[in-house]
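Below: the structure, in structure tokens.
Numbered from 1 within each chain, the chains take letters A, B, ... in sequence-line order.
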Amino acid sequence: VVGGQPGNSPWTVSLRNRQGQHFCGGSLVKEQWVLTARQCFSSCHMPLTGYEVWLGTLFQDPQPEEPGLQRVPVAKMVCGPSGSQLVLLKLERSVTLNQRVALICLPPERYVVPPGTQCEIAGWGESKGTGDGTVLNVALLNVISNRECNIKHRGRVRESEMCTKGLLAPVGACEGDYGGPLACFTHDCWVLEGIIIPNRVCARPRWPAVFMRVSVFVDWIHKVMRL
Amino acid sequence: QRSPLNDFQVLRGTELQHLLHTVVPGPWQEDVADAEECAGRCGPLLDCRAFHYNVSSHGCQLLPWTQNSPHTRLQRSGRCDLFQKKDYIRTCIMDNGVRYRGTIATTTSGLPCQGWSHKFPNDHKYTPTLRNGLEENFCRNPDGDPGGPWCYTTDPAVRFQSCGIKSCREAACIWCNGEDYRGAVDRTESGRECQRWDLQRPHQHPFEPGKYVKVWTTTIAGILTAPSGPGAIPRTRRWRGNSATSPAAVGRSQAQPRHEVTTLNCFRGKGEGYRGTANTTTAGVPCQRWDAQSPHQHRFAPEKYECKDLRENFCRNPDGSEAPWCFTSRPGMRMAFCYQIRRCADDVRTEDCYHGAGEQYRGTVSKTRKGVQCQHWSAQTPHRPQFTPTSAPHSQLEENFCRNPDRDSHGPWCYTMDPGTPFDYCALQRCDRDHQASILDPPDQVLFEKCGKRVDRLDQHRSKLR
């Protein structure tokens, strides 16, 4: 995250490859399910042996014996509907919820976040030297309407996507944050409204950032977890 | 100066298990110096087809079976390497195939072979022995027929017929300069046998297999003694768009990893086939030219990787990384991925269209967007359906046609015949794409489950972190 601050986001998980390297973020939507970005995986049918989800830590490189750290292998991957750029990961076992690990709410189907809502992104990705790269960084962003967003993006932003306002200073997600959450505080709950996907440039000043709109795919998420 | 190991193909870190517990492999022999000595013991024995070599105790265990034998299974092993006689593993023939010990058992016209121990429907003079290898009804060449392995057939009208097994020399091909070739050809163009890569004699060399090992390793063809270059393997003719002979089809079948079809505007898989002109990293940092050594020195010189198209400073994936990447023009950042290049949709071509969410779709498409066949709605396997023709009569769940019994907003779907994929959306697209009801208009009620709570972030934020 560029332009963020160290912070806490107990539903944000770190995806780890076979070498134990962090390569993407994810959001814990059920004890055994993580929602992340399709971009993070080379294929919907790739072998997942050795891939893990790490939770319960703020550090990018936690010590193995760090209290609260949970490492859970990924058992299965389900790719979202075409164009969703989403992937659901089923974990080999349920995680333990505690102060460091919490679920994030899913929005109602087709819910549209009101413009002006303050949200936050979180991740261990590239900070371009603006934050502490060893811990989880969080940045605040405000939602804007698709109509406003499409002015700068010349109509390319779809309804299954949503935007946040571009700030004067570079603030936003970057490489290594993909799949992480855009969480908004609504009716005293944190709700997973967006998923970080790659934009043409990271944290471009005065330029709206685009996220996948989770509410469009909530029915798919529930269906996968149910089936 | 051939080594006895030359007759064996190794699978590192692998054990061959026999699933029938009544069958016991030979004892471990600890008095051997190395795998070569094991090979020297197994090679001459007709009932030894493979051996385990214990890399820590340096012992070996002779085996009368290979991975192609019934009731056997390959298993990862932390302590064993599995060496198998090439004659039993090859799927092609060397010379006229008299040493072929594979398991092909049909003739060129598809007739099943008669068992060698059977005298009916065709009587003959051969008696199976360990020496002549006339096993079951596998194609063999006991009389040195120039046409290669053959067999008596089960068709009384056709006494015997050739099996048409390809020569190893013809069966393999390479792409470009063959740097991805992983096949089993072990002869040079002049027919000279190659040295094994894991041996340092007769020629010493710096190419240690351990440096290049993948989890499952085959013997890599040895030092090429023919000064003229990469041996006898023909280069594949350029693919001209006929899918039946598409690179993927040919390449895969001949011991060659899948050859990416090149893409320009998006990338597929790990992006090894990406040939577009994106030249910045995801973070927007300009890429360094591949033919430059500053600010970052590297070994990916374009002339050394002629198949990877390392032109200018375009994002590429020459080394099998997760996605296209480049060295950056920023001294402090050596390399970075180009994830801003979008992924190609890997859906199959859509065959029909539906209106709205497809609840009324009554077409006959029965394939998912990945091309997997749909499961019949009335079937119980491989997936136990929640929606059946009786439970959802209004949806007309016929055969295995795509339907939308649960009014899924993403369109018709089906249970799939892939055991690993319970359901998936179909090879269909929306007919009335432009008339989709907008979600941006009506306000929604907000109903949330038990979730979204956390320790008050602000306190923690203000307090100093650990």
Among [options], which residue forms the greatest number of heavy-atom pairs with chain B at distances under 4.5 Å?
options	result
A:Q85, A:R200, A:K223, A:E126	A:K223
A:R204, A:R226, A:M46	A:R226
A:V201, A:D219, A:I104	A:D219
A:V2, A:L192, A:V216	A:V216

Which atoms form the tightest heavy-atom contact between [X] and [Y], and what is the distance?
X	Y	answer
A:K128	B:A283	NZ-O, 2.9 Å
B:R343	A:C40	NH2-C, 4.4 Å
B:T421	A:K76	N-NZ, 4.5 Å

[atom1]/[X] to [atom2]/[Y] distance, rounded to the nearest 0.5 angstrom?
X	Y	atom1	atom2	result
B:E322	A:F41	CD	CZ	9.0 Å
A:S82	B:K370	OG	NZ	6.0 Å
B:R76	A:T49	CZ	OG1	6.5 Å
A:C44	B:R369	SG	CZ	6.5 Å

Considering only heavy atoms, which portion of A:N199 lies under 4.5 Å from any heavy atom of chain B: side chain, backbone, both, or neither?
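Only the backbone of A:N199 comes within 4.5 Å of chain B.
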Interface moiety of A:W220 toward chain B, non-hydrogen atoms closer than 4.5 Å:
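Its backbone and side chain both get close to chain B.
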Main-chain N/O of [Y] paired with [X] side-chain donor or acceptor, under 3.5 Å:
X	Y	answer
B:H383	A:L227	no
B:R268	A:S43	no
A:Q39	B:Y339	yes

In terms of heavy-atom proximity below 4.5 Å to chain A, should B:D424 be classed as side chain, backbone, both, or neither?
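Neither part, no heavy atoms under 4.5 Å.
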